[in-house]
Amino acid sequence: MKDVSRRGFLAGAMASGALAAAALSGCSPSTSGSSSTEQAAEETSSLVSDGYYVREDLNALSMAPEGEVAYEDGAISDDEVVEEIECDLLIFGAGPAGLSAAASASENGLNVVLLEKGAAISAHATQLGNYNSRFLTEADHAIDPTEVIYAARIASQYRCNEEIWRTYIERSGEATEWLEDTIIKGELGEVIPGEPERIVDGLRWSGSYIMWGGGAAGYTEAYNMVQDFCLSNGVDLRFETPGVQLIQDENGAIVGGYGKSADGYIKITASKGVLLATGSYEYNPEMMEKCVRPRDRMAWAWCNPATTDTGDGHLMGLAVGAGMDDYPHPVMVDNSGAKDGSFYSVALFPTMRVNDAGKRFTNIGIPFNFLANSIQYQRGGHDFCLMDGKMHETAAALLGPAVAAFDIDEVCEKFVNSSVECQTIAELAEAIGCDEATLQDTIDEWNAACEAGEDVKFQTPKDYLIKLDTPPYYAMEESGAFLATVGGLTVNEHSEVLDRNGNPIPGLYASGNVSGSMFYDTYPHQISGVSTGRCLTFGYILGRRLAGVE
Ligand SMILES: Cc1cc2nc3c(=O)[nH]c(=O)nc-3n(C[C@H](O)[C@H](O)[C@H](O)COP(=O)(O)OP(=O)(O)OC[C@H]3O[C@@H](n4cnc5c(N)ncnc54)[C@H](O)[C@@H]3O)c2cc1C
């Protein structure tokens, strides 16, 4: 058995959903080594003592690295303020949510200040979700809105604000056309429609998204163009200047906020209010412990490059009386998070998998979030993704038409680098730590299903049934690849933040991953691209509403 060295992150432009963006940016490995093990041990035992029941210790997995929270709860006095600004709309966060709103508001004449904590904008995705834009209807991907509402209800287990979903379904096509027609203007080439719908385990997995050429690179470029559009409309965009606190008047309305530059505090008054667009909070361990189920917050790969996402907007909202989604918050997680923190396209696709008992455990052709959940449900929160000497052919077959966007040699090389290479099934069993006879039975059963063209036990789709029969064999130990938390402040369909009685807090808005009220339990990957789609759609609508054009 050869222990292949573990190194490197995926690089290069790849076009597959979350993977592609991760490939460009690299995922952060979890804190590793003995200190992380100790930390994780402390973590799980404190959970038990805090009163949460957990099925087992997940000491092999870890929390995300810790980012720096910018939210401040202490009073800021006028003597500490180095600059004062007046504007119509103040936005915290220059990700897809904040930039979309800034573009729409400034296009319609509002004077916008946009503060960003990091050194650059955040735009990490491939698929932009939308319904019935002309890019989809012309490709025969028109969808009946009622079908989507059914899917949303079931995905959220009826724990969502349906008005938000309805607005998303009705307006996302229009918002997408606005983005392309007003800002992109064909400069990124022809818009690429998503794939046709698939039915898996009875679930409708929709292809209701668009992409630009280059996959993740195309999406980032689209938002670079949104940034340029904002600047050309006079948006005052400042990097490395986090929002730290909201300003609330004596009636409870939000009338502005404080930012913090290298020189000191900036006091900004905003006549139309403040939009929180500060993203998720996985880099804030305290919030993760309070909001996310123990098993969901442990992973190996942390894929959001914006380590500035520490829940600042959540905390600012809570400080002024906002409501927030109930515990436990939903998270967006894919499979394919290798133990060294990398995130692999080959493994993201449905290659054969076994748990540490050497047994198969689910249909591997399901949407990524469900496969990740199933992997994390296994003992130890992990599994082993298996490949053999036909890896290049298998990867190409599983990628299907998307193969054109991948460098298969590179993808396979990276996979090999995070795997253990074995010449025999006995060695493979040893690498996994399971009983050899059990693993042999599992592989025999899989190969028989491949030959028969039907997986009677787990219903794996026929085109994914590829035999494991050619040494050398590879085992990549895998857990979740964490993309973002998607629970947040309670909002309505106008992006107004609601207080704990369900009433809007005047002047306060939230959009993107800082906002809640849409998902429950797990991010619904089968409703493709809704994460990016909601950022664009609600930003577009909010800008227009505040400018009075609707
Ligand atoms: C690798 C990867 C691939 C993905 N692929 C897809 C996909 O294909 N389709 C899809 O729908 N979704 C995808 N997602 C999810 C999607 O990218 C996010 O959900 C979406 O970008 C969220 O946008 P946002 O604006 O809410 O947050 P973010 O993009 O996280 O932006 C928030 C911004 O706010 C800034 N900020 C934080 N705190 C402050 C503060 N105090 N003051 C000022 N600024 C602050 C941050 O620095 C950041 O720039 C992917 C996610 C990842 C990580």
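Note that ligands are numbered from 1 as they come in the structure, with each ligand's atoms numbered from 1 the same way.
In the model, Glu195 has no side-chain atom that pairs as donor or acceptor with a side-chain atom of Trp205 under 3.5 Å. With hydrogens and angles left out, the side-chain atoms of Glu107 and Ser104 include no donor and acceptor closer than 3.5 Å. Between the side chains of Glu72 and Tyr265, a donor-acceptor pair is found at a separation under 3.5 Å. Of the N and O atoms on the side chains of Tyr219 and Gln127, not one donor lies less than 3.5 Å from an acceptor on the other residue.
Residue-to-ligand polar distances place Glu116 within reach of ligand 1: an N/O pair is separated by less than 3.5 Å. Below 3.5 Å of separation, one finds no N or O of Ser280 facing any N or O of ligand 1. Residue Asp309 has at least one N or O atom closer than 3.5 Å to an N or O atom of ligand 1. Considering backbone and side-chain N/O of Thr126, one or more are found under 3.5 Å from N/O of ligand 1. An N or O contact shorter than 3.5 Å is missing between Leu483 and ligand 1 by distance.
Listed by atom number, the atoms of ligand 1 under 4.0 Å from His124 heavy atoms are 2 (C), 3 (C), 4 (C), 5 (N), 14 (N), 16 (C), 17 (O), 50 (C), 51 (C), 52 (C). Close approach of ligand 1 to Cys303 (heavy-atom distance below 4.0 Å) involves ligand atoms 1 (C), 53 (C). Using a 4.0 Å cut-off to heavy atoms of Gly512, the atoms of ligand 1 that qualify are 26 (O). Ligand-side atoms of ligand 1 in range of Asn304: 53 (C), range being under 4.0 angstrom from any heavy atom. Listed by number with element, the atoms of ligand 1 under 4.0 Å from a non-hydrogen atom of Ala277 are 32 (C), 33 (C), 34 (O). Atoms of ligand 1 found under 4.0 Å from any heavy atom of Ser122, numbered from 1 in the order shown, are 28 (P), 29 (O), 30 (O), 31 (O), 48 (C), 49 (O). Counting the atoms of ligand 1 from 1 in the order shown, those under 4.0 Å from a heavy atom of Gly243 are 40 (C), 41 (N), 42 (N), 43 (C). Each of the following atoms of ligand 1 lies closer than 4.0 Å to a heavy atom of Ala125: 4 (C), 5 (N), 6 (C), 7 (C), 8 (O), 9 (N), 13 (C).
Here salt bridge (charged side-chain N to carboxylate O under 4.0 Å, His left out) pairs that include residues 517-527, with residues two or more places apart or in two chains, are Arg293-Asp521.
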- request: Please lay out, stage by stage, how Arg171 and Glu493 fare under the test salt bridge (Lys or Arg N to Asp or Glu O under 4.0 Å).
  value: CA-CA 11 Å; Arg171 304 287 306 271; Glu493 69 276 23; over 6 Å; no
Side chain to side chain contact (heavy atoms under 4.5 Å, CB included) evaluation trace for Leu136 with Ile210: CA-CA 8 Å; Leu136 295 177; Ile210 61 151; 4.2 Å; yes
field: Step-by-step salt bridge (Lys or Arg N to Asp or Glu O under 4.0 Å) determination, Glu289 to Arg297
entry: CA-CA 8 Å; Glu289 282 170 18; Arg297 69 173 112 101; 5.1 Å; no
- request: Go through the steps to decide whether Tyr523 and Val333 satisfy the test side chain to side chain contact (heavy atoms under 4.5 Å, CB included), and finish with yes or no.
  value: CA-CA 8 Å; Tyr523 171 79; Val333 61; over 6 Å; no
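Heavy-atom distances between Ala484 and ligand 1 stay at or above 4.0 Å for every pair.
In this structure, the side chain to side chain contact (heavy atoms under 4.5 Å, CB included) partners of Glu86, at least two apart in sequence or on a different chain, are Thr269.
Closest heavy-atom approach to atom 9 (N) of ligand 1 among the candidates Gln127, Glu68, Glu240, His525: Gln127.
At a heavy-atom cutoff of 4.0 Å, ligand 1 is contacted by the side chain of Asp312 but not by its backbone.
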